[in-house]
Structure formats: structure tokens, C-alpha cells
There are 4 protein chains.
Amino acid sequence: MNSTKERIFKAAISTFSKSGFYKSTMDEIAESANVAKGTLYYHFKSKNEILEFLIDEGLKVLKNEVSEKIDKLNNAVEKLRTVIFIQSDFLYKYGDFITVLLSQIWGNNKVQDKFREKLYDYLKIIEDIIKEGISEKLIVECDEKIVSSVFFGMISSILVLKLRNKENFDPGYIADNILKYTLNGIQYVK
Amino acid sequence: MNSTKERIFKAAISTFSKSGFYKSTMDEIAESANVAKGTLYYHFKSKNEILEFLIDEGLKVLKNEVSEKIDKLNNAVEKLRTVIFIQSDFLYKYGDFITVLLSQIWGNNKVQDKFREKLYDYLKIIEDIIKEGISEKLIVECDEKIVSSVFFGMISSILVLKLRNKENFDPGYIADNILKYTLNGIQYVK
Amino acid sequence: MNSTKERIFKAAISTFSKSGFYKSTMDEIAESANVAKGTLYYHFKSKNEILEFLIDEGLKVLKNEVSEKIDKLNNAVEKLRTVIFIQSDFLYKYGDFITVLLSQIWGNNKVQDKFREKLYDYLKIIEDIIKEGISEKLIVECDEKIVSSVFFGMISSILVLKLRNKENFDPGYIADNILKYTLNGIQYVK
Amino acid sequence: MNSTKERIFKAAISTFSKSGFYKSTMDEIAESANVAKGTLYYHFKSKNEILEFLIDEGLKVLKNEVSEKIDKLNNAVEKLRTVIFIQSDFLYKYGDFITVLLSQIWGNNKVQDKFREKLYDYLKIIEDIIKEGISEKLIVECDEKIVSSVFFGMISSILVLKLRNKENFDPGYIADNILKYTLNGIQYVK
DNA sequence: GATGAATGAGACTTCATTCAT
DNA sequence: CATGAATGAAGTCTCATTCAT
């Protein structure tokens, strides 16, 4: 990615996250990227394509971070621990991207369907870990579709927390706690 | 709420959920409500105000359903069970509303901040249940802000599931499973 | 004029003067008159008709005040003195009406042409006084069309003054001075 | 001012003058300027800003014409003579602009207040001439605020005359006469 | 590669007017 | 006489996109 395109990319994430995709204008993105409006169209076919590119890249980074770290581990519980930590850390580092993602995957039109498909690829990684954990008897028998969705829901949870507690948001603390509840449950057992 | 305003209200939910808030036009809403465009403006000041009204009403219904059922119970675990069930059922019945809500609460502009504030009112109900459970020793010591956010994240989880499995989405089954994992955790204990 | 129509009439003058004819809405007028919007249409055919009625009435009052006072005088200079004083006083009492009038008589469309025609009727009164004064050798030979127009221009002058000096606008002082300059000129003569 | 913006400027004066500011539409202006509607908004933020720009420019030209000619003269009476002549000539050349101006300066809303402020800058030039004339004993002691307002009122007078006598409007004749009456008064002196 | 003036479809909104009550 | 809910034509403005330079 050459430097102009990268500047546009970053400007777009920041702009979309601040104002949302629809309220962001090509003018804003161009200004924020310090290029002329026409330049956006030299690097991207359309505003939609910027969004698509952005979501592709973001999910690619997330998937890579997860895959990389997970491959070195050989215990499903450790892997899930890692997933939770990475998600929390990712949101800490790339909150703007998550904001854009979460604003765009609901709804039933084509673009949103496409984005969700990309998301499912990520969820499959989690599903696989869960299946592995079940067969290893480290995780209880459960519906892996539901559980992987719950893992995704955690991203929403963490973003809600972050937005609620802007000043002191500690991704490590969050991850630790969520992990504990997820593995052990919250019910008190005598 | 007189009948015209109600027709507009319903048309708006359906339209926003189908096309998203920004891609929905006042023309579409008017047509779907079978009124003239001007009539929308007789009952609402602006498109934004329709959205606001819609989110207010939706969250009010959700809060009422939860409060009503919860007040009859006197056990925090039972209450959380109920919350999960209601959330799942609510999403089954009013998926369109949830779609609109989840598309609008991320981001940092004024309107979204306002919507999130309304959401926090709902989360406070859950926080209270958790505090109650902790003091009753039915729930383990935990950070109630995090846990209540996780409970909200479940709404996202369930919507992801519903969108993924359009044909056979069974709110009872989902609720049962999520509840089990939430209370007992997913780690296998010998 | 029954009481409802009169309330509308007064509300219209005040509203038109505050916001101008085009920015005033029937809603505003109705609210200011404390009647329902439909009631306006019971008493007037249209918004334009309200304006027309208002200008007709206003000019009628001005013409009457002038005619009444002038008929008792038998000296053209005294008559002009009276015209100036009445104009100044009228503007003091009915500034809102003058504001509306002065905003509506320029331009070339039909309505404005019509309003100007009504105004010319007033100017003719002044022309006649001037002609009378010339034949009586009280006033120098001059073009009475020009001079009567100048007398009208004074209304603009006085409104400008009033708007500039909101706090202390003294119609008597203004009238005295303008009269002096008009009769004697402003050039210093040895 | 580049050529597109200038075309819009001229189209706007002509359109506003024909139909008045409020009845003129952006469509009309665009068509008259031979540009697309969007182009108007590329060069001006809003319809109001076109009006503002137009009034600024018009008054600037008037002030410049007056200042330029006046600076060469060193006699207050000659200066006033020049003012009257320029006003009359300006109205002959740029009647459309004067029409727009006179339709917009009455009333009490913000925009009109702003326009009047700009007008006062012009009146101050006249005030200064009058003060000068008084100190030179060329002009009688008088209230310069009133007299400068009267000079402005003449613009209204002349426009009334022009509108009344469309076919034969001779700015030189008008100026000569008004000047005579203004300096010497209209009262016959033995 | 980059620019930015120009475009025009289409969005939101306003508001005078109507009409059944 | 009076009301006010409903209308829809028409206006202002936005903005993604194009294209000649």
C-alpha cells in the first residue's frame, strides 16, 4: 500500500468512526487525508469500496493476530483465553475500526450480508477451537455456533464498556475478568 | 398514540430495519405508512426525531417487560435467567427494532451518545440484579459493570445467530444454552 | 371588522413586520392571533390576501389622517408641514406597517405593481398640495412628481433613522428638522 | 472573481430583482447563469450567502464610486452635489441592485440588521461631508444624522420615480432638481 | 498520480391550502 | 364560525461522482 492510499485508508477509518459511514463525506475524508477529492477516486472506485477495503483489511489483521498467536498453543482453553485477550487489545488499539464494523453488520442489504460473511470466517476460527476443546474434554459439550457467537458478542460488550468508561479502560483487566466468567460461570457453587 | 402516528411508527421501524436509517427515505416511510410525506412532518419534527422516538419506545417496552417479570421473582439467578429469556424473545419478536438499535449506538456523535445513555438505563437494571446476587451469595464476586455489559453483548450474539440461521431460530433454545454457559461456564470441571 | 378578523389583522402586521412577509407562516400568524390555522382561511382567502388587506387598510388610515387634517388648512406650506408631521407620527405609531409596506413595494411583479398603484394615490394628495403651493406662489416652481416622491422618500429616511436610533426616536423633533431643511434648504445663504 | 462565480453573481442580481429574493429559486438562478444547481453551492454556501455577497459587492461599488469622485473635490456643497448625482446614476445603471437592497433592509431580523449596518457605513460618508460643510459655513447648522438619512431616502424617492416613469427616466434631470430643492429648499422667498 | 471545478440526482423539509368535523 | 389533521407541490441543500487539466 503506497503512502497516499494508506493516508486515505487511515483518514477513512477515523472519519467513518467519528461520523459513521453515511454522515462521512468524501470531502471530509479527503481533507483529513490531505489530498484532493479527486485523488480518492484515483485509489478507490467509490465510497463503498473504501468501506469494503477497510473492513477487509481490519478483519484480516484481526484474523492474523489471532491465528499467529493461537498456532503456537496446543490447548483449547489457552487458545480461547488468547482470543479474548486479543479481541480486547484489538479494540483498545483499533477502536475506530470496531466502531465502523459494528455499525455496518446489522441489517439485511447486500453490503451488510457481505460484511457478515467476512465476519463468519472469523467466527469459524473460534468454532474450531471450541470443537477442539470439546473433543479434548477441556470444554463442556455445547453448541459451538452459539458459543462462538457469544465470543463475538463480547466485542460488543467491551466496546460498550469502553464507551461508558472512556477515561480508564484497561484491556487487560477486562480480558481477565471476562475470561474468568466465561470459563467458570458466574454462579456461586458451594 | 393516535392511529396515524402509530402507522408511521411501525412503518419507520420496518423501513429503518430493512434499509438502515440513512438509506431509508421519508418517501419510503410515507409510502409504507400510507400517508403523505407532509404527514410525517405533522407528527414528527424530523427524520431524526422519528428514530429517537422509535428507540425510546423500543427500550421502554424492553425495560417494562423485564421489570414486570423480574419484580415477581426473588432470586437473582432466576432474574438473570428471565433477562436472558426476555432478551432472546424480544429479539425474536422485535428483531427489526434491535437491528435499528445496534446500528445506531456505536460512534461518538451526540445522537449516538444520547441513545447509549438510554441503553445504560437498561443496563442498570441488570447491574442491580447482579449486585443483589452477589450479596445473596448466589453469584460470585465480580465486576457488575463488566457483567452487565456482557449481558448486553448477548443481544448482539443472538442477533448474529439469528442472521446466520434465518430459517430455524429458536429463542427458547438459544436462551437455555446461553444461560447454562453463563451460569456454569464452559470449562470442563472434573 | 369583527373581533376575530381584527385579531388576525393585528397578528399579521406584527408577524410580517418581525419576519417579513415570506418568512412569516400561517402557523405563526394563527398562533399569534390565538386562533386555529383553519380560521385564517375562514376570514381571508389566502396569505396574499391578508397582506393586501393589511396594506389597503394601512394606506387608508394614512390617507384619512392626512386628508382630515389638511382639509382644515388653507395654506400649502402648512399642509406640507402637516404631511411631514403625520408621516413621522404614523411611523412612530405604526412602524410595523411601514416596515411591511417598504419591504413590498419594490420589484416588478404584479402584486408589487398593485401596491405601488395604491401608494401613488397617496402621492397624488401631496402633488396636489405642491401644485396649489406653486400657484399660490408659496412654493417655488418645481416638478411636482419629483417633489412628491421626495416626500415619500422621507418615510424611508425616517424609518432608517428610527431603526438606527431605537432608543430615542422623537417623531416631533424629526418632523421639525426635516421640514426646516425641506422648506429652506440646507445651503447657507449670506 | 472567476468567471463562473461572476456569472452566478449577475444572474442572481437579475433574478432577485425580478422576482424578489424569496420568490427567486436556486433553479432560476442556475438556469439564468447557465450552470447546474450544484455549482451555485460550490461557489456559495447558501441562497442567503448569495444575497449577502451581492449586497456587499453592490455597496462596495457605490462607496467606491462616491469616495473616488469626492476626494477630488474640496467643497462640501460640490461633494453633496456629486453624491446625489452618483446615487441617481447608480440607480440608473444598477437599478436591479437597488431594488434588491431596498427590499431587504427593513425589518428586524439578524440578516436585515447586518445589511443595515453595511448601509450605515455609506451614510457615514455623507455625514462627514455635512459636518465638513457646516464647519466651512457652506451648509446650515443641522442634525447630520437626519440629513444623511434624508440623503438615503432620496434613493427610495428616485426608485419610486423610476418605477412610476419607466419609459423616460433621466438621471441627470432628476439629480439636478433634487439637488436644487435640497440646497435651496422649496419655499418661495421674496 | 493528483487535482478541484462542475454536475445532477435525490434527499430532507416547509408550508399554504383543504376539508371533514 | 372555528378547528387541526392531512396534504403534496415545491424549495433548499448535499454529496458521490466525473473529467479535463
Side-chain angles (χ1 to χ4, degrees), chain A residues 2-5 7-8 21-31 33-51, chain B residues 2-5 7-8 22-31 33-50, chain C residues 2-5 7-8 21-31 33-51, chain D residues 2-5 7-8 22-31 33-50:
Chain A
N2 71 62
S3 107
T4 300
K5 189 167 183 179
R7 278 217 317 284
I8 296 173
F21 176 70
Y22 287 104
K23 287 182 91 175
S24 300
T25 68
M26 294 302 262
D27 277 287
E28 279 180 86
I29 298 172
E31 195 188 14
N34 250 269
V35 296
K37 200 176 2 174
T39 309
L40 302 184
Y41 287 88
Y42 184 81
H43 292 280
F44 296 93
K45 267 215 313 273
S46 68
K47 189 184 172 191
N48 267 292
E49 218 197 34
I50 298 182
L51 175 61
Chain B
N2 71 65
S3 103
T4 301
K5 190 166 184 181
R7 275 214 322 281
I8 296 173
Y22 287 106
K23 289 181 92 172
S24 300
T25 69
M26 293 303 261
D27 276 290
E28 280 179 86
I29 299 172
E31 195 185 15
N34 251 142
V35 296
K37 211 193 318 190
T39 306
L40 303 185
Y41 288 90
Y42 186 79
H43 291 280
F44 297 93
K45 273 216 296 280
S46 67
K47 190 182 170 190
N48 266 293
E49 218 197 34
I50 297 183
Chain C
N2 70 64
S3 108
T4 301
K5 188 167 183 179
R7 278 215 319 282
I8 295 172
F21 176 70
Y22 287 105
K23 288 180 90 174
S24 300
T25 68
M26 295 300 263
D27 277 286
E28 279 179 87
I29 299 172
E31 195 188 14
N34 250 270
V35 295
K37 198 173 8 169
T39 308
L40 303 184
Y41 287 88
Y42 183 82
H43 291 280
F44 297 93
K45 265 216 313 274
S46 68
K47 189 184 171 190
N48 267 292
E49 218 198 34
I50 297 182
L51 175 62
Chain D
N2 71 64
S3 102
T4 301
K5 190 167 184 179
R7 275 214 321 280
I8 295 173
Y22 288 106
K23 288 181 95 171
S24 299
T25 69
M26 294 302 261
D27 276 291
E28 279 180 87
I29 300 173
E31 195 184 18
N34 251 136
V35 297
K37 211 193 318 188
T39 307
L40 303 184
Y41 288 91
Y42 185 79
H43 291 280
F44 297 93
K45 273 215 296 278
S46 66
K47 189 183 170 190
N48 266 292
E49 217 196 36
I50 298 183

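Here the structure is a predicted model, which means the values were calculated and not measured. We name chains A, B, ... by the order of the sequence lines, and we start the count at 1 in each one.
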*Asks:* Residues in side-chain contact (heavy atoms from CB on, under 4.5 Å) with A:F21, at least two apart?
*Replies:*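 With neighbours one apart ignored, the set is A:F16, A:K47, A:N48, A:L51, A:Q104.
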*Asks:* Would a 4.5 Å heavy-atom cut-off, applied to side chains only, mark C:I8 and C:K5 as touching?
*Replies:*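 Contact flag for C:I8/C:K5 side chains = no.
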*Asks:* Taking only residues two or more places apart in sequence or in another chain, which ones pass ring-ring contact (aromatic ring centres under 6.0 Å, His included) with A:Y22?
*Replies:*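 A:Y22: ring-ring contact (aromatic ring centres under 6.0 Å, His included) contacts with B:Y22.
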*Asks:* Taking the nucleotide of DNA chain E with the nearest heavy atom to each, does A:H43 or B:S46 sit closer to the 5' end?
*Replies:*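 That would be A:H43.
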*Asks:* Quickly work out the D:F44 CZ to F:dT12 P distance and round it to whole Å.
*Replies:*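 My rounded result for the distance is 15 Å.
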*Asks:* To the closest 0.5 Å, what do you measure between CD1 (C:I50) and CD1 (C:I29)?
*Replies:*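 Rounded to the nearest 0.5 Å, the CD1-CD1 separation comes to 4.5 Å.
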*Asks:* What is the distance from CZ of C:R7 to C1' of F:dT3, rounded to the nearest Å?
*Replies:*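 These atoms are roughly 14 Å apart.
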*Asks:* Identify the stems formed by DNA chain E, where each pair is Watson-Crick or G-U wobble with both distances under 3.5 angstrom and a stem is at least 3 consecutive pairs.
*Replies:*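 DNA chain E forms these stems: E:2-21 with F:2-21.
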*Asks:* With a 4.0 Å limit, can you tell me whether D:Y41 has a side-chain N or O closer than that to the phosphate oxygens OP1/OP2 of F:dT14?
*Replies:*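 For F:dT14, neither OP1 nor OP2 has a side-chain N or O of D:Y41 closer than 4.0 Å.
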*Asks:* May I have the distance from C:D27 (atom CG) to E:dT14 (atom C1'), rounded to whole angstrom?
*Replies:*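 Atom CG in C:D27 sits about 10 Å away from atom C1' in E:dT14.
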*Asks:* Provide, to the nearest angstrom, the distance between the OH atom belonging to B:Y22 and the P atom belonging to F:dT14.
*Replies:*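 Answer to the nearest Å: 15 Å.
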*Asks:* Holding to side-chain hydrogen bond (donor to acceptor under 3.5 Å, both in side chains), I want the full list of residues that pass it with C:K37, two or more places apart in sequence or in another chain.
*Replies:*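 In terms of side-chain hydrogen bond (donor to acceptor under 3.5 Å, both in side chains), with neighbours along the sequence ignored, C:K37 is linked to C:D27.
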*Asks:* Using whole Å, report how far NZ of B:K23 lies from P of E:dC12.
*Replies:*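 Going from B:K23 (NZ) to E:dC12 (P), I get 13 Å.
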*Asks:* Restricting both atoms to N or O, compile the protein contacts to nucleotides 7-10 of chain E shorter than 3.5 Å, with distance only.
*Replies:*
| residue | atom | partner | partner atom | Å |
| --- | --- | --- | --- | --- |
| E:dT7 | OP2 | D:A36 | N | 3.1 |
| E:dT7 | OP2 | D:T39 | OG1 | 2.3 |
| E:dG8 | N7 | D:G38 | N | 3.2 |
| E:dG10 | O6 | D:K37 | NZ | 3.3 |

*Asks:* Distance check needed: E:dT3 C1' versus A:I8 CD1, whole Å only.
*Replies:*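 In whole Å, E:dT3 C1' and A:I8 CD1 are 12 Å from each other.
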*Asks:* Between D:N34 and D:R7, what is the shortest heavy-atom contact and its length?
*Replies:*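 Looking at all heavy atoms of both residues, the shortest contact is O-NH2, 3.6 Å.
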*Asks:* Please step through side-chain contact (heavy atoms from CB on, under 4.5 Å) for the pair A:H43 and A:V35, ending with a clear verdict.
*Replies:* CA-CA 11 Å; A:H43 292 280; A:V35 296; over 6 Å; no
*Asks:* Can you tell me how far C1' of E:dT17 sits from CG of C:N48, to the nearest Å?
*Replies:*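 That distance rounds to 13 Å.
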*Asks:* For B:E49, check side-chain contact (heavy atoms from CB on, under 4.5 Å) against everything at least two apart and list the hits.
*Replies:*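 With neighbours one apart ignored, the set is B:F44, B:K45, B:S46.
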*Asks:* Determine, step by step, whether D:T25 and D:E28 satisfy the side-chain contact (heavy atoms from CB on, under 4.5 Å) criterion, reporting the C-alpha distance in whole Å, the side-chain angles of both residues, the deciding distance to 0.1 Å, and the verdict.
*Replies:* CA-CA 5 Å; D:T25 69; D:E28 279 180 87; 3.5 Å; yes
*Asks:* Nearest whole angstrom, please: distance from the P of E:dC12 to the CD1 of B:I29.
*Replies:*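 It works out to 8 Å between those atoms.
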